[in-house]
Amino acid sequence: MVAQEDVIELAKRRGFFFGANGAYGGVAGFYTYGPNGAAVKDNLESAWRDRFTVRQGNMEIEAPTIMPEAVFEASGHLDGFDDMLVECPECGESHRADHLTEDNTDIEEAESLPVPEVEELIREHDLRCPSCDAALSGEPVEEFNLMFETSIGPGTGQPGYLRPETAQGIFVEFPRLKEYARNRLPFGVTQIGPAYRNEISPRKGIIRVREFTQAELETFIDPEEDEPPLHEVEDVEVTLYPATEQEDEEGEAYTTTVGEAIEKGVIGSDWVGYYLGVAQGWYERVGVDMDRFRFRQHLPGELAHYAADCWDAESEVGAAGIAAGSSGDGEEPRDGGDWIEITGFAYRSDYDLSKHAEHSGESFTVFKQYDEPKTVERAAVDPDMATLGPEFGGDAGAVADALQTLAERDPDAFDANEVEVEVDGDEMTVDSDVANFSVETVTENGEHITPHVVEPSFGIDRIVYTVIEHAYRTDEVDDEERTYLALDPEMAATDAAVFPLVSNDDRLLDLADEVTGDLRAAGLSVEYDDSGSIGRRYRRQDEVGTPFCVTVDRDGVEGDDPDTVTVRERDSARQVRVPVREVADELDALLDPEDDRAFDALTAAYDEIETGVETA
RNA sequence: GCGCCGUUGGUCCAGUGGUAGGACAUUAGCUUCCCAAGCUAAUAGCCCGGGUUCAAUUCCCGGACGGCGCACCA
């Protein structure tokens, strides 16, 4: 049994997700979330918002998905997001033209060369296809940019691009965002929303798509002063797969604590380590199986140009399924699945803010006040432009600038009667008097610094998939096979289902309606179902992961005692009889992520029913 | 993008040069007091375009989509 096929089949049949636009044949890389999937995704985003925005004291924004070309010129996506491909005329293999060139010539950074030059290099060096050794000389080099381009406004308009990561929307707005943070570091800005990449070859269902949802946190820090609150996470256990282990043939992932990994230098950045610790708890909360989870460090060659240290959170999917009975101990041997990146933790330094500052001319800095104002002596000139102007004509301004530069570098030069400066290669001589040299005493209250950025970037869709696949179970209930999703109640699309045990008794139908209303009034997402046998209805809910089923039976409405209903727990199929007037409060408490209460609390407080149903 | 394989009700499959059948699911009714398979009935399908043919779901070509491999994944 391959879990991935079963999960995809279930996802289609039960409305979690499916390829979009099927009526028109579909287009690769786009998926629609059905009712259950949309609800799970929404729950996951809420859990993320709770942990990474609210609990971290960060602020969330929502920026446009389309941004003008200039943004991506600055971010480097316009150039750096390009791949140069050359296709072999013999065997049809596509190769990275820039990589081929770098591997076979002395050229470095071939990626930054224009296409015609790369074509020329291929010809000059008679580069050959690495697969079949056919000559590539004369073959065209195609450029492929992974960004979706569009046109803003009527006519040809101005070029715009769908953002390839939500992060740019945060970086670009930094000048205002820092105001909202009252100009104090550190602060964090989050965003949850779609991002777009025109993948060459979308694959693996919802794992690799062209439109996907990211949840990103950009933490802006003062690299010299700000430290993460490591004490919060130092004892958190994590499974790490550092670069050294990946490069060692016998290397493997191991378990340690965040604190120890930082202390030993395995994790290079305190901030990255901190977020690994925070994220670890969050993954557990949303139901990622920790036996199929690890943090993997990027290999040196894999690092983005701006990143000093980078770790991915990865989950293992597509492994042969595990039976429910063995899922607890995790001892069952499993065929290996694919490790997929579900989050990237990057130390982006000041790369992004500096680039946007450079290209936009705006200030992407924060003014950092010194504890004590500094008094410094500063050499300055105040050239007499009325003299310089007539003397140097159009060069006068440049001469004045050169004098200032000289004053900073070599104040003693102004002791002489004349000073010499160089402008555009020409030596210019100026009377020292004209320069009006002086040494001023100025008070500096602080400095403008460009914050560094620490970024955890979550791929929501892949986490949704992971959570569903890791929750996928099969077992037997009363000797009948069952498929169910052991989703955490916080993630489940539906909180509870309500059934009249049989549909030929109006008392049961009426009370079931009433209970449904009560639960919905309490804010629960409730499904009502009176169709088919009771077992069938339980299975329907099991299969989409509804954690609790409430059944109205005749025993509960007969007699003089207050009406009762049965509450069934999904995974164990155990049941407890609860008074109707209590059921909304009890379920609400069971479903509250803040409340550790388990089903046992119900069986302790009320009568558990001997169902005689066995799960195995 | 390249190569190989595939595409038949909602889902999973069988099958055919003369427009198709099952299972599960769904709906209606019967039955039914707790774990999918009791009874009756109903709904629903040959990926798209072109070609060959009297006739194409079937054969051929192209495309789309999916799976795998290569490449790609900043």
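A quick note: this is a predicted structure, and the numbers were derived from the prediction, not measured. Every chain is numbered from 1 and lettered A, B, ... according to where its sequence line falls, protein lines coming before strand lines.
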Please tell me if A/Lys204 has a side-chain N or O lying less than 4.0 Å from either OP1 or OP2 of B/rC68. yes

Using a cut-off of strictly less than 4.0 Å, decide whether A/Arg14 has a side-chain nitrogen or oxygen near OP1 or OP2 of B/rU11. no

What about [X]: does its side chain form a donor-acceptor pair under 3.5 Å with the base of [N]?
X        : N      : value
A/Ser531 : B/rU26 : no
A/Ser201 : B/rC72 : no
A/Arg208 : B/rC72 : yes
A/Glu480 : B/rC35 : no
A/Arg536 : B/rA36 : no
A/Arg568 : B/rC35 : yes
A/Tyr538 : B/rC34 : yes

Could you tell me which residues satisfy side-chain contact (heavy atoms from CB on, under 4.5 Å) with A/Ala512, sequence neighbours excluded, listed by chain and number? A/Val498, A/Pro500, A/Tyr528, A/Val552

Check every strand shown and say whether [X] touches a base, only sugar-phosphate, or nothing at a heavy-atom separation below 4.0 Å.
X        : answer
A/Gly205 : sugar-phosphate
A/Ala28  : sugar-phosphate
A/Asp553 : base
A/Glu341 : nothing

Contacts to RNA chain B from residues 600-609 of chain A, heavy-atom cutoff under 4.0 Å, which residues? none

Return the CZ to OG1 distance between A/Phe548 and A/Thr494, rounded to the nearest 0.5 Å. 13.0 Å

Rounding to the closest angstrom, what is the interatomic distance between [N] and [M] at atom [atom1]?
N      : M      : atom1 : result
B/rU31 : B/rC47 : C1'   : 42 Å
B/rA25 : B/rG69 : P     : 34 Å
B/rU8  : B/rC30 : C1'   : 33 Å
B/rC54 : B/rG62 : P     : 24 Å
B/rC46 : B/rC68 : C1'   : 25 Å
B/rG15 : B/rU7  : C1'   : 15 Å
B/rA20 : B/rU58 : P     : 14 Å
B/rA55 : B/rA23 : P     : 35 Å

Taking the six-membered ring for Trp, is the centroid-to-centroid distance between A/Tyr538 and A/Phe499 below 6.0 Å? yes

Counting only N and O atoms by type, is there a donor-acceptor contact under 3.5 Å from the side chain of A/Arg210 to the main-chain atoms of A/Asn198? no

Look at the side chain of A/Gln246 and the backbone N and O of A/Tyr241, then say whether any donor-acceptor pair between them is shorter than 3.5 Å. yes

A/Arg507 CZ: over 12 foreign heavy atoms closer than 6.0 Å: yes

Between atom [atom1] in [X] and atom [atom2] in [N], what is the gap in whole Å?
X        : N      : atom1 : atom2 : result
A/Arg540 : B/rC24 : CZ    : C1'   : 12 Å
A/Glu5   : B/rG6  : CD    : C1'   : 13 Å
A/Phe499 : B/rA36 : CZ    : C1'   : 12 Å
A/Arg203 : B/rC73 : CZ    : P     : 15 Å
A/Asp312 : B/rC73 : CG    : C1'   : 11 Å
A/Arg210 : B/rG1  : CZ    : C1'   : 11 Å
A/Asn504 : B/rU31 : CG    : P     : 7 Å
A/Ile200 : B/rC72 : CD1   : P     : 9 Å

A/Lys12 has a side chain; which of B/rU26, B/rU11, B/rC68 sits nearest to it? B/rU11

Which nucleotide in the list B/rU26, B/rC34, B/rC35 gets nearest to the side chain of A/Asp478? B/rC35

Is the charged tip of A/Arg294 near the ring of A/Trp339: under 6.0 Å from the six-membered ring centre and within 45° of its axis? yes

List the atom pairs, donor and acceptor, that lie under 3.5 Å between side-chain atoms in residues 22-34 of chain A and the rest of the protein, sequence neighbours left out.
residue: A/Tyr33; atom: OH; partner: A/Asp461; partner atom: OD2; Å: 2.6

Run the numbers on A/Leu487 and A/Arg570 for side chain to side chain contact (heavy atoms under 4.5 Å, CB included), then give the verdict. CA-CA 10 Å; A/Leu487 291 173; A/Arg570 178 192 59 211; 4.1 Å; yes

Could you pick out which residue, A/Glu9 or A/Arg462, lies toward the 5' side of RNA chain B when each is mapped onto its nearest nucleotide? A/Glu9

Residue mapping more 5' on RNA chain B - nearest nucleotide basis, A/Glu558 or A/Ser533: A/Glu558

For A/Phe295, all residues meeting ring-ring contact (aromatic ring centres under 6.0 Å, His included), sequence neighbours excluded: A/Phe293, A/Phe345

What residues form a ring-ring contact (aromatic ring centres under 6.0 Å, His included) with A/Phe16, not counting sequence neighbours? none

Kindly give the heavy-atom pair with the smallest separation between A/His356 and A/Ala74, and that separation in Å. ND1-CB, 3.5 Å

For RNA chain B, report each stem as range with range, ordered by first number, or say none. Use Watson-Crick or G-U wobble pairs under 3.5 Å, at least 3 in a row. B:1-7 with B:64-70, B:10-13 with B:21-24, B:26-30 with B:38-42, B:47-51 with B:59-63

